[in-house]
Amino acid sequence: QLQASGGGSVQTGDSLRLSCAASRRMFSNNAMGWFRQVAGKERELVAAISWNGGDTRYADSVKGRFTISRNNAQNTLYLQMNSLKPEDTAVYFCAAGIDAYISVSPGRYRYWGQGTQVTVSS
């Protein structure tokens, strides 16, 4: 199971920290990712991290503002979101990869959380 939390309604420039609690089976040795989706649009990668945290990948739109991290001892994934913008408004999903290596493709992620809404108003 993947359980995302931490979403909410904030103002432009505010910060939020998303968390994703995972089962050990899903989390250990697998890359993890955060995706987001706006109604009527495709799900897009926000950030991804390799199994040991040694490699990360970010969407150009969030580079320098968002930071992905993981705590393997606690099977938890994080997304620190700073300087939020209205265009960051979306449902955010955490996902567990099919292997240890990060990917930008949703098809390379096997398990998905239920999503948490982030709304940024101007």
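The structure presented is a predicted model; accordingly, all values stated were derived computationally and were not measured.
Proximity of Thr116 to Leu18: side-chain heavy atoms (C-beta onward) are separated by under 4.5 Å at one or more points. Proximity of Thr67 to Tyr58: side-chain heavy atoms (C-beta onward) are separated by under 4.5 Å at one or more points. Between Asn29 and Trp51, the closest side-chain pair of non-hydrogen atoms falls below 4.5 Å. The shortest distance between side-chain heavy atoms of Val118 and Leu16 falls below 4.5 Å. In this structure, the side chains of Met81 and Ser15 stay at 4.5 Å or more apart for every pair of heavy atoms. Counting only heavy atoms from C-beta outward, the side chains of Ile49 and Leu77 approach each other to under 4.5 Å. In this structure, the side chains of Leu2 and Met32 come closer than 4.5 Å at one or more pairs of heavy atoms.
Under a 3.5 Å cut-off, the side chain of Arg17 and the backbone N or O of Gly7 do not form any donor-acceptor pair. Between the side chain of Arg65 and the main chain of Ser83, a donor-acceptor pair closer than 3.5 Å is present. Side-chain atoms of Asp14 come within 3.5 Å of backbone N or O of Gln11 as a donor-acceptor pair. In this structure, the side chain of Asn30 engages the main chain of Met26 through a donor-acceptor pair within 3.5 Å. Within the 3.5 Å criterion, the main-chain N or O of Val120 finds no donor-acceptor partner in the side chain of Ser9. Between the side chain of Gln114 and the main chain of Gln3, no donor-acceptor pair closer than 3.5 Å is present. Counting only distance, with no hydrogens or angles, the side chain of Thr89 and the backbone of Pro86 share a donor-acceptor pair below 3.5 Å.
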For residues 103-110, please give each side-chain donor-acceptor pair under 3.5 Å, one per line with the distance, not counting sequence neighbours.
unit_1, atom_1, unit_2, atom_2, d
Ser103, OG, Ser105, N, 3.1
Ser105, OG, Gly107, N, 3.2
Arg108, NH2, Asp99, OD2, 2.7
Tyr109, OH, Ser103, N, 3.4
Tyr109, OH, Ser103, O, 2.7

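Gln117 and Thr119 are linked by a side-chain donor-acceptor pair at a separation below 3.5 angstrom, with hydrogens and angles left out of the test. A donor-acceptor contact closer than 3.5 angstrom is absent between the side chains of Asn71 and Thr76.
The list of disulfide (SG to SG under 2.5 Å) pairs with a residue in residues 56-118, not counting sequence neighbours, reads Cys20-Cys94. Among pairs with a residue in residues 41-52, those fulfilling salt bridge (Lys or Arg N to Asp or Glu O under 4.0 Å) read Arg36-Glu44, at least two apart in sequence or across chains.
Note on ring orientation: taking the six-membered ring where Trp is involved, the planes of Tyr92 and Phe66 are tilted (angle from 30° to 60°).
A salt bridge links Lys63 to Asp60: at least one charged side-chain nitrogen sits closer than 4.0 Å to a carboxylate oxygen.
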